[in-house]
Undergrad: 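Have a look at this one before I ask anything.
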Amino acid sequence: MKITDVKVLVTAPGRNYVLVKIETDQPGLYGWGDATLNGRELAVAAALRDHLAPLLIGRDPGRIEDTWQFLFRGTYWRGGPVLMTALAGIDLALWDIKGKVAGLPVYSLLGGATRDGALAYRHCDGRDAQEIADNIRAAQAAGFKVFRAQMDVPSSRAFPDSTWMDLTTYSQPFEDEPYLRAVPAMFERLRRELGDEPQIIHDVHERLTPIQAGRLAAAVESYHPFFLEDPIRPEHKESMRLVRQSSRTPLAMGELFNHRWECLPLITEQLIDYVRVDIAHIGGISEARKIAAIAEAYHVQMAFHGPPDIAPITHAANVHVDMAIANFGVQESSKFPAEVEDVFMGAPYFEDGYLKVSAAPGLGTDVDETAAARYPYRPEEYLPTLRRADGSVQDW
Ligand code: KDG
Ligand code: MG
């Protein structure tokens, strides 16, 4: 069997997505992958179209690991979010094809289901603790058991005004001290309102220094968060030792990592409890299962990134891996813009607290290309930049 074409499709049903379709010489046999990198979509699309797609024509789509090694190790320049997202798009499409050839869902190819569904968490963000509590109650009524709580605090906006923004004119404020006071107060209020049962996550988004992160982890410990996510910036992993020593609050990190070596010190020193890598940004399922295997040896669990800025194809890949691995922790779930359903079919579905995928062959997802063409790329979709009160740039 041979790869005959690699198509790259950029579509914006509600927000921008980069999709990869790998076609084969077998009639009707193709695979879909997701290669979306929020705010840098066209860089990935160009890497795929101009550099990687030509290398794939004529190759055997069944040789996934060899293709991965060829593209990662064989081409000298390696790693980084653009290339690892492009590689993920290819890897997902190849796993999709392999499943279709075998007539099996990808979780079956990965060793078979170890659970009935992936425990899911829902974003219950609000402008203040009261709104978050209301959102958590609504999510509980819908069946969720784990919740993420983010809120606006004085001088620190949690939410942009809209998904679409002009970065040349738009930035959000962030001040660390008001934020550090507000988060423990938010947890205190949520526990008072909701009791001990709801499992609550808070995402710091890498905005704190190590000592500030340690202070926050200690301040929220008595409210037993499910985990504190990405408390520090991603570059200097050793800083996590300081955060770890400060408390027994469970810690999660990794959505900005691009491969297993970035996770390694955090796992082997047991500095985190959950690995948050994004399957769309680490080269796909092939890398995810290796990271999960390393983490399993150190009693660290997987909590794959699942925001709405990666396509439902990656969300499906998340759940296929979650279903198969032994050290699954929790799965972030997202509400997608309504238009997404015009374009994507077969996304994971939610049932009583758990995300599930069907037993359809491959990843079980498909794309309506005619519908996708109705949603052209939106150049104005960018993440906001954060700035301090003195006008200086703050880590996102
Ligand atoms: O593109 C950035 C988002 O994916 C990120 O802000 C979402 O941190 C995030 C999360 O945990 O979902
Ligand atoms: Mg996050």
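Both ligands and their constituent atoms are indexed starting at 1 by order of listing.
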Undergrad: I'd like to check which ligand 1 atoms, numbered from 1 as shown, lie under 4.0 Å from a non-hydrogen atom of R276.
TA: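 Every atom of ligand 1 under 4.0 Å from some heavy atom of R276: 10 (C), 11 (O).
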Undergrad: Does atom CD1 of I57 have more than 12 heavy-atom neighbours, drawn from other residues, nucleotides or ligands, at distances under 6.0 Å?
TA: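 Yes - once you tally the heavy atoms of other residues, nucleotides and ligands closer than 6.0 Å, there are more than 12.
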Undergrad: Enumerate the atoms of ligand 1 whose separation from the nearest heavy atom of D203 is less than 4.0 angstrom.
TA: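 Matching atoms, with element in brackets: 8 (O), 9 (C), 10 (C), 11 (O).
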Undergrad: Can you see whether W68 has K290 sitting over its ring - NZ or CZ less than 6.0 Å from the centre and within 45° of the normal?
TA: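 The answer is yes; both the distance and angle limits are met.
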Undergrad: Any atoms of ligand 1 less than 4.0 Å from a non-hydrogen atom of R148? List them with their elements.
TA: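 The list of qualifying atoms is 10 (C), 11 (O), 12 (O).
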Undergrad: Does E332 bring an N, O or S atom to within less than 2.8 Å of the Mg ion (ligand 2)?
TA: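 Short answer: no, not a single N, O or S atom is under the cut-off.
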Undergrad: Are a donor atom and an acceptor atom from the side chains of S286 and D91 found within less than 3.5 Å of each other?
TA: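 Yes, D91 and S286 have a side-chain donor paired with an acceptor closer than 3.5 Å.
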Undergrad: Which protein non-hydrogen atom lies closest to atom 5 (C) of ligand 1, naming both residue and atom, and how far is it?
TA: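 The answer is E255 OE2, 3.6 Å.
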Undergrad: Ring of Y30, cation from K100 - is the NZ or CZ under 6.0 Å from the centre and inside 45° of the axis?
TA: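 Yes.
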Undergrad: Give the residue, atom name and distance (to 0.1 Å) of the protein heavy atom nearest atom 7 (C) of ligand 1.
TA: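 Nearest protein contact, heavy atoms only, for atom 7 (C) of ligand 1 is H305 NE2, 3.4 Å.
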Undergrad: Treating Q270 as the side-chain partner and Y298 as the backbone partner, does any N or O pair qualify as donor plus acceptor under 3.5 Å?
TA: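 Yes.
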Undergrad: Looking at the Mg ion (ligand 2), is one of the N, O or S atoms of E229 less than 2.8 Å from it?
TA: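 Yes.
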Undergrad: Among protein heavy atoms, which lies nearest atom 3 (C) of ligand 1, and at what distance?
TA: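 Scanning the protein heavy atoms, the shortest distance from atom 3 (C) of ligand 1 goes to D309 OD2, 3.2 Å.
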Undergrad: Cationic tip of R207 within the cone over F174's six-membered ring, i.e. under 6.0 Å and within 45° of the normal?
TA: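 The answer is yes, since R207 meets both limits relative to F174.
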Undergrad: In the protein, what heavy atom is nearest to atom 12 (O) of ligand 1, and what distance, to one decimal place, separates them?
TA: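 It is E332 OE2, 2.4 Å.
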Undergrad: At the Mg ion (ligand 2), what's the angle from D203 OD2 to E255 OE1, rounded to 10 degrees?
TA: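 The OD2/OE1 angle about the Mg ion (ligand 2) sits at 170°.
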Undergrad: For E296, I'd like to know if atom CD has over 12 heavy atoms of other residues, nucleotides or ligands within 6.0 Å.
TA: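 Yes.
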Undergrad: Nearest to atom 1 (O) of ligand 1 by heavy atom, I310, D230, N38, T36: which?
TA: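 Heavy atom nearest to atom 1 (O) of ligand 1 belongs to N38.
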Undergrad: Does F328 have its ring centroid less than 6.0 Å away from the ring centroid of F304?
TA: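 That pair fails the under 6.0 Å test.
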